[in-house]
Amino acid sequence: MPQRHSKNNNDLAYFTYEEKRKLGYGTQRERLGKDSIKPFDACCLCLKPLIDPLACPKGHTFCKECILECLLAQKKDIKRKLIAHDSQKKQEKEEEEEKLMLQKSKELDAFDQQNHGAVPQYLDRSGSQDKNGFHGANSVKTTSFEEEALRTMKAFWLPSATPESTIKVDAPSTDTVCPEGQEKLRMKALFPISFTEENADQKSKKSAEKSYMCPSCKSTLTNTMSLVAISTCGHVFCKKCSDKFLATDKVCLMCSKPCKERNLIPLEKGGTGFAAHDDRLEAKNFKHLGSGSGLGLVRPAPKA
């Protein structure tokens with residue numbers, strides 16, 4: 001007799017709770033660790049420490065070489081798509097003109113057949129003389145229509161007459177986009193940023209990598225802090241100093257260059273294209289077993 005324990009019983013017509021757990025059914029939650037989070041001083045494209053950093057108006061940071069190469073590749077791709085779209089439009093126009101010419105020729109042939117009747121025909125297609133000497137107009141036109149039908153016939157069972165599916169190329173957008181935020185981005189909108197390095201006395205002896213600090217409060221910048229960059233001069237401050245000094249004085253604390261509120265750009269932190277970021281540090285996955293399992297009416301888990 002089969003065992004009736006819930007973990008070992010597998011002859012039921014429905015899934016037990018233990019079987020659902022083994023299949024991964026339901027909402028699975030996992031908090032993303034440090035390996036899934038991009039450092040604040042890393043490029044969003046190459047994920048390496050920033051070299052000649054540039055930032056977009058939305059606060060995404062890139063290496064100068066990476067973002068310029070990306071925008072140049074996008075422009076080349078847009079140019080290629082525009083050429084393909086123009087050639088497709090030209091081909092469609094030629095096909096439309098060919099259809100109009102064919103329609104006009106058919107109308108002229110029908111008019112000629114209706115008003116002139118028989119047409120003399122002394123030679124057949126093989127070049128030999130016809131016995132009767134004349135062919136009716138209907139037989140001549142029928143032959144030409146048959147030849148045209150054979151030439152334009154679409155047959156899936158004949159390799160020479162198999163139709164080809166045409167791929168329609170839509171008109172591409174001429175705007176380059178940010179590779180991280182997917183918003184419109186022009187090269188002129190990028191601005192350089194500069195981090196303030198810690199002194200040798202403030203820097204810990206264990207860390208060999210570069211570490212940065214806020215030039216106002218001298219606190220070490222980490223991923224847990226919100227950072228703000230000034231688009232006019234590029235200096236980076238922590239969010240607290242920005243709200244306390246920059247937003248009120250309208251002057252950079254490093255170079256005394258005037259700045260407005262719209263020039264304070266909060267830098268995006270934490271995420272890459274492969275993981276959640278910012279406040280969304282919990283990844284969720286819902287597995288649906290399908291209608292055949294009796295769980296077809298189960299609704300997916302709501303998004304955070």
Between [X] and [Y], is there a shared hydrophobic cluster once you connect ILVMFWY residues whose side-chain heavy atoms come closer than 4.5 Å?
X	Y	answer
L50	F237	no
I230	L190	no
M225	I193	yes

Of all residues at least two apart in sequence or in a different chain, which pass the side-chain contact (heavy atoms from CB on, under 4.5 Å) check with [X]?
X	value
K81	D77, P172
S226	K239, K269
K240	C238

Please list every donor-acceptor pair under 3.5 Å in which a side-chain atom of residues 53-72 meets a protein atom from a residue at least two apart or in another chain.
none

| task | Measure across K218 and P215 and return the closest heavy-atom pair with its distance rounded to 0.1 Å. | result |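 Taking every non-hydrogen atom into account, NZ-O, 3.5 Å.
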In chain order, what residues pass the salt bridge (Lys or Arg N to Asp or Glu O under 4.0 Å) check against [X], with sequence neighbours excluded?
X	result
R186	none
K260	none
D86	none

Between [X] and [Y], is any pair of side-chain heavy atoms under 4.5 Å apart?
X	Y	result
E180	E268	no
K184	T176	no
S194	V236	no
C44	K38	yes

| Ring geometry between Y212 and F195 (parallel below 30°, tilted from 30 to 60°, perpendicular above 60°) |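 Judged by the thresholds at 30° and 60°, the geometry between F195 and Y212 is tilted.
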| query | Between T220 and M213, is there a donor-acceptor pair closer than 3.5 Å when you use the side chain of the first and the backbone of the second? | reply |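 Not a single qualifying donor-acceptor pair exists.
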Which pairs would a plain distance check flag for residues 89-102, meaning a side-chain donor or acceptor within less than 3.5 Å of a matching protein atom at least two apart in sequence or in another chain?
{"from": "E92", "atom 1": "OE2", "to": "Q88", "atom 2": "NE2", "distance (Å)": "3.2"}

| field | Sequence-distant partners of F191, ring pair (Phe, Tyr, Trp, His ring centres under 6.0 Å), two or more places apart | value |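 In terms of ring pair (Phe, Tyr, Trp, His ring centres under 6.0 Å), with neighbours along the sequence ignored, F191 is linked to no residue.
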| field | Spacing of C214 atom SG and L227 atom CG [to the nearest 0.5 Å] | value |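 Going from the SG atom of C214 to the CG atom of L227 covers 8.5 Å.
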| field | Spacing of OG1 belonging to T174 relative to CD belonging to Q74, to within rounding of 0.5 Å | value |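 These two atoms lie 12.0 Å from each other.
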| task | Enumerate the residue pairs fulfilling salt bridge (Lys or Arg N to Asp or Glu O under 4.0 Å) with a member in residues 221-231, sequence neighbours excluded, ordered by first and then second residue. | result |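 The answer is none; no pair qualifies.
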Contacts under 3.5 angstrom, residues 247-259 side chains, donor-acceptor by atom type, not counting sequence neighbours:
{"from": "T248", "atom 1": "OG1", "to": "K244", "atom 2": "O", "distance (Å)": "3.0"}
{"from": "T248", "atom 1": "OG1", "to": "F245", "atom 2": "O", "distance (Å)": "3.0"}
{"from": "K250", "atom 1": "NZ", "to": "A247", "atom 2": "O", "distance (Å)": "3.2"}
{"from": "K257", "atom 1": "NZ", "to": "T232", "atom 2": "O", "distance (Å)": "3.3"}

| message | Apply the hydrophobic cluster definition, ILVMFWY joined by side-chain contacts under 4.5 Å directly or through others, and give me every member besides I78. | response |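 Members besides I78, by chain and number: L82.
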